[in-house]
Amino acid sequence: MITSWHNRQSCGDITEAHVNQSITLAGWVDTTRDHGQLLFIHLRDRSGTMQIVCDRNQNEGIYNQSKALRSEFVVLITGTVHMRSEHTINSDMLSGTIEVAATTITVLSKAKTPPFMVSEKSSEKMDVTVDEDTRLQYRFLDLRRSPMQHYIIGRSRMIRSLRNTLDAAQFIDIETPFLTKSTPEGARDYLVPSRTHKKAFFALPQSPQLFKQLLMMSGFERYYQVVRCFRDEDLRPNRQPEFTQLDIEASFINEADIRNLTHSLLAAAFDSNGIAIPNAFPCMTFDDAMNRYGSDAPDTRFGLTFTDLTAHFTPCNYGIFTTIIESGGVIKGFALPQLADHISKNALQNDLAKTVIQACGGKGLTWIKVRPDNQFESNVAQFFTTEQLLASRDALNAKPGDIMLLVADTSLDTVNTVLGKLRLHLANRFNLIPKGVFSGCWVIDFPLFEETDAGLASRHHPFTQPAEAIHEDMSPSQLLAIKARAYDIVINGQEIGGGSIRIHDPQQQALIFKCLRLSDADIDQKFGFFINALAYGTPPHGGLALGLDRLASIILDAPSIRDVIAFPKNRVAFCPLTKAPSTVDQHQLNELHITHIDDPLL
RNA sequence: GGAGGCGUAGUUCAGUUGGUCUAGAACGCCGGCCUGUCACGCCGGAAGUCGAGGGUUCGAGCCCCUUCGUCUCCGCCA
């Protein structure tokens, strides 16, 4: 048996320049087409596909051998490269002008019939998508498909470009522990029981936050790591329980330095897959993002930004507005351009104003169609004066054919978030989001704290430096008004990274913990090692982490972040391939001093 | 944790008011024929615990209950 593949060439490298040469190819049988006396094979490897011809008149033995080939067999083929005759050229194939007349075929591996077709002709041309759980169960076959190879290889290229950029800027790649200490803030930890320390647990890191700050204290000045992070929370289409971050920290820097570095990284990442991005992304304050887009991750690929109309309706004859204004509420809205003739009164009244707005978290929606000649059409137009309608129209910059959509509520936050969800809903529904566009922005001036059921909490994390002075005796509402030296980078409405300038002064750090109502005992138990380290000479420092799964899915235009992860978990954080997580042997539990509680009520 | 959708052949799906359903189609698979295909074509064939369990009924793929799996949205995600 001939198994000499050391001189093999790749399908994608064979061109018309190889005509009349004898070559050796190795790969998977993509398809075969048997014409009786003539059989075609599409041979696929990582680089592409090549048509192999087995002609009974030329080589009867090869033809007979080829009849036994089946999809996904692994074969070694030698043959001679030929030009195809003019009428047999396949313009859909990169190698469509040439083909290889086989002289030997060696089957290196047979294959069972796959549960779904690996060949490209399956999914793309037949418009059939296989259930994702089946794809994940047979991920090794799914990854053989050319779109998936494109995603995984593109991700590799992207990460290499990021590493090259950081290496060139003297950043040092340092690994940090996966088995580490559970920190109570933030997401739920994945826990790992310790065998050697009874009743004690490691936690998998939600991010290497404290370690990268410790590395700054150690004097490495510039650190990076492509690192897996773990959060035990419910999944979303763009969320995985384990995900990859480009984690960065540097000393003696400020926000502008971080933004410049990040931008050069993003430029390199997009460029690695052939996309040019603008020279810089604009900054938007958190307040602006909420007031104009209703989200802290504004999708800036399209307009529909909000304007406050409260003043225009003070006073008015519309009871709902009057009540809301009198209790200190606001009325805001935006103009939906040129859809007045495409959305019926019925759709506005029953679908948008009832169903959709409720799904967005709102109580109601006021719609006013703008007609030519200063005419307005609405179920509530009669409550407003012409002056009010004209002023609203001008404030929203609405044109004839537009629909003005207004939301009123006693809470500004509610109005903003409801409008924000409505904005995204309408943009998706009416295809208002341009394709192939990458629009990014920095969101800055975040609040340092936020209010939760359990009281005040850090919005970013408790190591974030306040942008202004904090005093111990400040009230919660005063503290909520304090801004943080934190920043997020948002692309196409997805938060793909964020970071902050950190606290390097132990006193300030202690003050933050105090504001968060952490007891000294709590602080010592949870962060004692870190507080201790802060006191030994900490340089001013800050950093950022980029979500590489999201970034790759944006750059590669993948339908889901799961498509740019080789072996992702499904929606319920289960791996259909390995069947993880799974139960373990009793003796393993015994070693770990773990007992199951069967009764869920216990 | 809450709400909703889906579960029928290897895959993607159809299956009407509960009664020719002895459950179909397409692709795939198996066999046969075919010398220029590339979604090859033609002929034939195999392939199903209708997710599971229970109930209603003379009769259940279809209705009801339970349960499992999965997807979507919300909560959650410093």
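A note on names: the letters A, B, ... follow the listed sequences, proteins ahead of strands, and every chain is numbered from 1.
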With a sphere of 6.0 Å drawn around [atom1] of [X], does it hold more than 12 non-hydrogen atoms of other residues, nucleotides or ligands?
X: A:D520; atom1: CG; value: no
X: A:I523; atom1: CD1; value: yes
X: A:R429; atom1: CZ; value: yes

Review item, nucleotides 68-74 of chain B N/O atoms under 3.5 Å of protein N/O:
unit_1, atom_1, unit_2, atom_2, d
B:U70, OP1, A:N570, ND2, 3.3
B:C71, OP1, A:R571, N, 2.9
B:C71, OP2, A:R571, N, 3.4
B:U72, OP2, A:R571, NH1, 3.4

Between the side chains of A:R239 and A:D549, is the shortest nitrogen-to-carboxylate-oxygen separation below 4.0 Å, so that they form an ion pair? no

Under-4.0 Å salt bridge between A:E468 and A:K483: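 Looking at A:E468 and A:K483, the cut-off is not met.
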
If we take the [atom1] atom in both [N] and [M], what is their distance in whole Å?
N: B:U22; M: B:A26; atom1: C1'; answer: 22 Å
N: B:C71; M: B:U8; atom1: P; answer: 15 Å
N: B:A25; M: B:C68; atom1: C1'; answer: 29 Å
N: B:C21; M: B:C74; atom1: C1'; answer: 41 Å
N: B:A46; M: B:C27; atom1: C1'; answer: 16 Å
N: B:U70; M: B:C77; atom1: P; answer: 23 Å
N: B:G48; M: B:G24; atom1: P; answer: 13 Å
N: B:A14; M: B:C6; atom1: C1'; answer: 15 Å

What is the nucleic acid contact for A:T464, judged by heavy atoms within less than 4.0 Å: base, sugar-phosphate only, or nothing? nothing

Describe the nucleic acid contact of A:F116 in one word from base, sugar-phosphate, nothing, applying a heavy-atom distance below 4.0 Å. nothing

Quick one: is A:R33 getting a side-chain N or O under 4.0 Å of the B:U37 phosphate, OP1 or OP2?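 The answer is no; no side-chain N or O of A:R33 sits under 4.0 Å from OP1 or OP2.
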
Below the 4.0 Å mark, does B:C30 have OP1 or OP2 next to a side-chain nitrogen or oxygen of A:R70?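 Checking B:C30 against A:R70, a side-chain N or O does come within under 4.0 Å of OP1 or OP2.
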
Nucleotide nearest [X] (side chain, heavy atoms from C-beta), chosen from [options]:
X: A:E99; options: B:C29, B:U37, B:C34; value: B:U37
X: A:M117; options: B:C27, B:C77, B:U12; value: B:C27
X: A:F40; options: B:C38, B:G36, B:U11; value: B:G36

Please list, by residue number, the residues of residues 78-89 of chain A whose heavy atoms come closer than 4.0 Å to an atom of RNA chain B; answer none if no residue qualifies. A:R84, A:H87, A:T88, A:I89

Once you measure the plane-to-plane angle for A:F286 and A:F446, does it fall in the parallel (<30°), tilted (30-60°) or perpendicular (>60°) bin? tilted

Paired with B:C42: which nucleotide, if any, by Watson-Crick or G-U wobble criteria at under 3.5 Å for both distances?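 Base-paired to B:G32.
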
Using Watson-Crick geometry (N1-N3 plus N6-O4 or O6-N4) or G-U wobble (N1-O2, O6-N3), each under 3.5 Å, B:U66 is paired with B:A52

With centres under 5.5 Å and planes under 30°, do A:H35 and B:U37 count as stacked? no

Backbone N or O of A:P462 within a donor-acceptor pair of the A:Q509 side chain at under 3.5 Å? yes

Atom-pair distance (CG on A:D549; P on B:C77), nearest Å: 20 Å

Let me confirm one number: the CG-CD distance from A:L235 to A:Q240, rounded to the nearest 0.5 Å. 5.5 Å

